[in-house]
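Presented below is the structure to which this report refers.
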Amino acid sequence: MPAVSKGDGMRGLAVFISDIRNCKSKEAEIKRINKELANIRSKFKGDKALDGYSKKKYVCKLLFIFLLGHDIDFGHMEAVNLLSSNKYTEKQIDSMDSVKQSAALCLLRLYKASPDLVPMGEWTARVVHLLNDQHMGVVTAAVSLITCLCKKNPDDFKTCISLAVSRLSRIVSSASTDLQDYTYYFVPAPWLSVKLLRLLQCYPPPEDAAVKGRLVECLETVLNKAQEPPKSKKVQHSNAKNAILFETISLIIHYDSEPNLLVRACNQLGQFLQHRETNLRYLALESMCTLASSEFSHEAVKTHIDTVINALKTERDVSVRQRAADLLYAMCDRSNAKQIVSEMLRYLETADYAIREEIVLKVAILAEKYAVDYSWYVDTILNLIRIAGDYVSEEVWYRVLQIVTNRDDVQGYAAKTVFEALQAPACHENMVKVGGYILGEFGNLIAGDPRSSPPVQFSLLHSKFHLCSVATRALLLSTYIKFINLFPETKATIQAVLRAGSQLRNADVELQQRAVEYLTLSSVASTDVLATVLEEMPPFPERESSILAKLKRKKGPGAGSALDDGRRDPSSNDINGGVEPTPSTVSTPSPSADLLGLRAAPPPAAPPASAGAGNLLVDVFDGPAAQPSLGPTPEEAFLSELEPPAPESPMALLADPAPAADPGPEDIGPPIPEADELLNKFVCKNNGVLFENQLLQIGVKSEFRQNLGRMYLFYGNKTSVQFQNFSPTVVHPGDLQTQLAVQTKRVAAQVDGGAQVQQVLNIECLRDFLTPPLLSVRFRYGGAPQALTLKLPVTINKFFQPTEMAAQDFFQRWKQLSLPQQEAQKIFKANHPMDAEVTKAKLLGFGSALLDNVDPNPENFVGAGIIQTKALQVGCLLRLEPNAQAQMYRLTLRTSKEPVSRHLCELLAQQF
């Protein structure tokens with residue numbers, strides 16, 4: 001409703017609005033409104049003619065009631081009569097301001113829909129000047145518009161800083177009576193204040209000293225008002241007041257240049273840590289995570305360590321506990337590392353399953369970064385495996401093996417500690433892996449003790465052999481052959497194990513091959529040859545830990561400031577000798593399980609001879625042995641470098657940078673004619689042959705979780721001639737670069753005849769997209785250039801997260817998505833036999849959850865899911881109605897975004 005200034009003198013309207021706001025219940029509000037409606041109706045129907053002022057007042061009351069959500073079925077003619085009045089004050093009701101406000105909001109909507117259609121240039125100054133408008137509604141709309149525009153062209157709108165500071169200063173320093181028409185529960189213009197603070201976060205601190213000083217005064221005033229007693233006990237008052245406070249703190253953190261303000265902000269947030277409102281505790285913990293990364297406020301944050309630890313132990317809400325764990329991680333330094341790691345280990349025993357792996361990664365990083373001595377680090381990692389072995393990823397135990405290998409002074413202690421840990425009746429398989437590696441390399445350091453003599457070490461490890469997976473058994477076999485070199489007295493015993501029928505005739509080809517080769521090696525090789533082949537692993541190259549890289553990927557591109565605080569503790573002891581990672585500046589926390597592990601297998605440095613190893617991936621689709629792993633096998637870790645070089649960005653952590661001269665969409669040919677048909681084959685499945693001709697076969701194996709995915713592409717040379725200059729490249733047509741991030745790992749430029757090479761793609765869905773990326777493959781065969789372009793099988797449904805819901809919830813949500821643009825429907829003839837089981841499998845492959853007992857017709861299929869992107873989540877409901885008699889389907893999809901509804905409907909309809 002247009003604002004009414006004091007000059008209008010509409011006291012009756014102000015009293016009515018005040019009465020409504022003071023109602024203590026919905027019933028009281030309805031009663032007051034009905035009373036007023038009866039009064040207005042009687043005035044309009046009365047014999048006495050109303051003057052223009054009275055009509056204006058009553059029409060404004062009806063407008064206010066309508067804005068509250070109540071139906072108004074009279075008064076329309078009185079509003080029309082006002083428009084035809086000869087008096088401008090009656091005709092206008094602030095219409096000019098309304099036009100400017102509507103124009104700004106319309107331009108904002110238009111810019112969001114089509115940015116290129118809004119030419120700025122000469123408009124910039126006029127848009128910025130709206131910040132000086134006397135009408136607060138116009139200013140609010142203008143701030144929203146400028147905030148959106150300046151993100152693309154910040155320099156064009158830089159003049160808005162001084163105007164925004166000036167307007168904010170007037171609001172903050174005003175009393176509630178000064179802005180009576182825009183005061184919300186004793187808080188002057190809270191929405192505009194928040195918008196102005198967010199606008200200022202788009203720019204660095206003001207360069208003008210006067211403007212900066214005025215802004216600092218505003219921020220100090222907000223912090224001072226936060227300490228004042230509340231002027232109302234109503235929740236609306238505290239919500240408005242706290243909204244401004246938290247946005248102020250966000251601006252202070254953004255500037256990170258005022259030590260006094262940063263410390264005051266920290267102290268203010270500390271008061272919220274024990275607030276009765278869960279949301280305030282959550283927001284306080286989240287903001288303090290960022291404050292902990294500032295050199296000015298880090299010490300102030302540390303003073304709240306006991307409160308945060310208590311929150312970790314006692315909070316009922318899992319999201320608050322997770323933020324407490326984030327804050328403990330962010331505030332950790334050498335002075336409190338042992339206390340924080342100890343508390344996180346203690347919490348890990350009862351932690352929610354959804355955040356256990358994240359806690360494990362954080363403990364591993366802190367233990368490595370702030371280790372005072374190596375024995376504490378080893379103890380910590382082994383405790384992690386003991387407490388939460390299922391959540392200890394390969395990066396964690398690879399890392400401890402790397403550090404132990406590189407540090408002579410910890411090897412004996414590590415061997416002794418892991419030997420003792422293996423004596424537990426129930427011991428996690430990851431502990432067996434670590435024990436197998438360490439004892440195989442350094443078991444000789446504890447062999448002098450009769451309690452850990454070579455036969456005892458072998459017996460202890462072999463007692464776990466039958467309980468382990470194939471990969472761990474393979475690692476243990478390598479440990480056994482190492483034992484023969486370290487402890488010749490165990491040779492006969494180990495050879496008997498290798499000679500056993502269960503090994504030589506093992507159904508698993510890898511175990512069988514290792515047993516045969518290790519038995520032969522131990523039998524025919526001389527002592528010198530054996531010592532040379534099985535010598536101790538050399539130190540690994542010093543580099544950044546990949547555990548931090550994995551935690552960054554788990555938290556999303558944004559956890560930079562919290563995970564990698566950028567503070568270099570001169571007293572910290574980086575026991576891996578690596579380089580501290582550079583701080584990140586983006587922020588999008590996304591708590592979740594490990595999305596894919598996104599790790600690549602480095603080439604082994606000195607693998608054991610294995611004649612058949614090169615054939616395991618000749619055809620990825622022939623059998624289980626052809627399945628690519630998401631990381632190096634334990635045996636590869638046992639005999640290879642454990643980590644790739646550290647990159648600069650989270651998405652590039654385990655992918656080689658793409659060549660500098662990658663072709664763009666304009667540099668490649670159009671997709672082959674059958675590209676759409678090939679793409680449709682992968683809408684409901686992730687594995688298969690994408691393309692094949694007489695020269696080349698391209699296979700695909702992929703998996704997706706939430707908004708991340710990993711795809712393996714297998715390029716097979718079907719000829720006997722080597723491919724030269726082989727270059728597969730992923731290309732983003734149109735705006736896809738802003739919607740989908742794809743990091744590729746380069747492949748060898750030569751592919752021998754009959755050979756196969758593998759390319760790894762790490763994929764992140766940034767926002768919903770309609771077109772898939774293109775795969776351009778170029779190479780030379782027999783001197784002749786070859787080129788083809790395919791559509792990469794990455795469609796929006798790959799980022800579906802199935803969602804279970806009861807029938808009542810489904811239909812409630814179905815009704816909520818009832819706008820015409822939210823629904824897409826298609827009636828089509830069946831192109832394949834109508835088999836219920838096949839249909840069910842396709843719907844599950846499409847990504848949605850199938851909901852039973854929801855549709856009254858049991859022949860129909862109902863599904864639900866959420867499209868996960870970095871920017872937002874898109875809920876999706878679907879209903880598929882087959883008509884076997886007519887051989888027809890009716891497919892209906894409803895989502896919160898129109899393009900997604902249409903696109904998903906088209907994708908799914910092509911599958912039946």
Side-chain angles (χ1 to χ4, degrees), residues 373-375 377-379 381-382 385 397-424 427 430-465 468 472-498 514-515 517-519 521-523 525-540 575 605-608 634-642:
D373 58 76
Y374 305 124
S375 59
Y377 170 74
V378 171
D379 288 340
I381 301 301
L382 294 184
I385 297 175
W397 66 268
Y398 285 4
R399 190 60 175 167
V400 71
L401 299 184
Q402 184 184 46
I403 290 172
V404 170
T405 301
N406 288 11
R407 304 293 173 177
D408 295 342
D409 51 348
V410 76
Q411 291 167 359
Y413 180 82
K416 177 177 179 294
T417 306
V418 77
F419 175 79
E420 293 172 351
L422 286 172
Q423 296 181 40
C427 150
N430 280 339
M431 187 73 77
V432 178
K433 294 175 183 177
V434 174
Y437 180 97
I438 291 179
L439 293 180
E441 293 291 328
F442 314 113
N444 60 306
L445 299 178
I446 61 171
D449 189 334
R451 294 171 297 180
S452 55
S453 63
V456 174
Q457 290 185 41
F458 172 74
S459 298
L460 182 59
L461 284 175
H462 196 54
S463 66
K464 314 291 183 184
F465 187 89
C468 298
T472 305
R473 292 185 191 184
L475 185 148
L476 289 178
L477 290 178
S478 296
T479 299
Y480 297 167
I481 190 66
K482 287 262 186 175
F483 270 13
I484 292 179
N485 179 50
L486 290 176
F487 315 120
E489 64 269 31
T490 63
K491 180 175 181 179
T493 305
I494 294 175
Q495 284 183 333
V497 171
L498 296 175
R514 288 183 186 230
E517 292 181 355
Y518 291 162
L519 179 60
L521 178 64
S522 65
S523 301
S526 66
T527 304
D528 292 339
V529 172
L530 200 62
T532 301
V533 173
L534 302 174
E535 65 180 348
E536 186 177 304
M537 283 289 291
F540 293 96
I575 65 177
E635 175 60 18
E636 289 172 332
F638 192 81
L639 296 169
S640 67
E641 292 188 3
L642 301 179

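- The closest side-chain heavy-atom distance from Tyr377 to Val400 is below 4.5 Å.
- Among all heavy-atom pairs drawn from Lys464 and Ala424, the shortest one is NZ-O, 3.1 Å.
- Here CG of Leu460 is found 7.5 Å from CG of Leu439. Values are rounded to the nearest 0.5 Å.
- For the atom pair Lys491 NZ and Leu530 CG, the distance stands at 7.0 Å (nearest 0.5 Å).
- Atom CZ of Phe483 and atom CD of Glu489 lie 10.5 Å apart (nearest 0.5 Å).
- Under a 3.5 Å cut-off, the side chain of Ser452 and the backbone N or O of Ala447 do not form any donor-acceptor pair.
- No side-chain heavy atom of Phe419 sits under 4.5 Å from any side-chain heavy atom of Leu422.
- Residues Gly412 and Leu445 come closest through the heavy atom pair N-CD1, 3.6 Å.
- Note: Phe465 and His462 have tilted aromatic rings, judged against thresholds of 30 and 60 degrees for the angle between ring planes.
- A donor-acceptor contact shorter than 3.5 Å links the side chain of Gln457 to the backbone of Gly443.
- Taking the charged nitrogens against the carboxylate oxygens, Asp409 and Arg407 have no contact shorter than 4.0 Å, which rules out a salt bridge.
- The heavy-atom pair separating Ala415 from Ile446 by the smallest distance is O-CD1, 3.7 Å.
- In this structure, the side chains of Ser453 and Phe487 stay at 4.5 Å or more apart for every pair of heavy atoms.
- Residues Phe442 and Thr405 are in side-chain contact: their nearest non-hydrogen atoms beyond the backbone lie under 4.5 Å apart.
- Counting all heavy atoms, side chain and backbone alike, Thr479 lies closest to Tyr437 at OG1-N, 4.2 Å.
- Between the side chain of Lys482 and the backbone N or O of Glu441 there is no donor-acceptor pair closer than 3.5 Å.
- With contacts defined as side-chain heavy-atom distances shorter than 4.5 Å, the pair Cys427/Val432 qualifies.
- Residue Asn406 holds its CG atom at 11.0 Å from CG of Leu401, rounded to the nearest 0.5 Å.
- Note that the CE atom of Met431 and the OG1 atom of Thr472 stand 13.0 Å from one another [nearest 0.5 Å].
- Smallest separation of non-hydrogen atoms from Leu477 and Arg514: CD1-CB, 4.1 Å.
- Ring-centre distance between Phe458 and Tyr480: below the 6.0 Å cut-off.
- Formation of a donor-acceptor pair under 3.5 Å by the Ser523 side chain with backbone atoms of Leu519 is found in this model.
- Within the 4.5 Å cutoff, side-chain heavy atoms of Ile481 are placed close to those of Ile484.
- Lys416 contributes atom NZ, which lies 11.0 Å from atom OG of Ser375 (distance to the nearest 0.5 angstrom).
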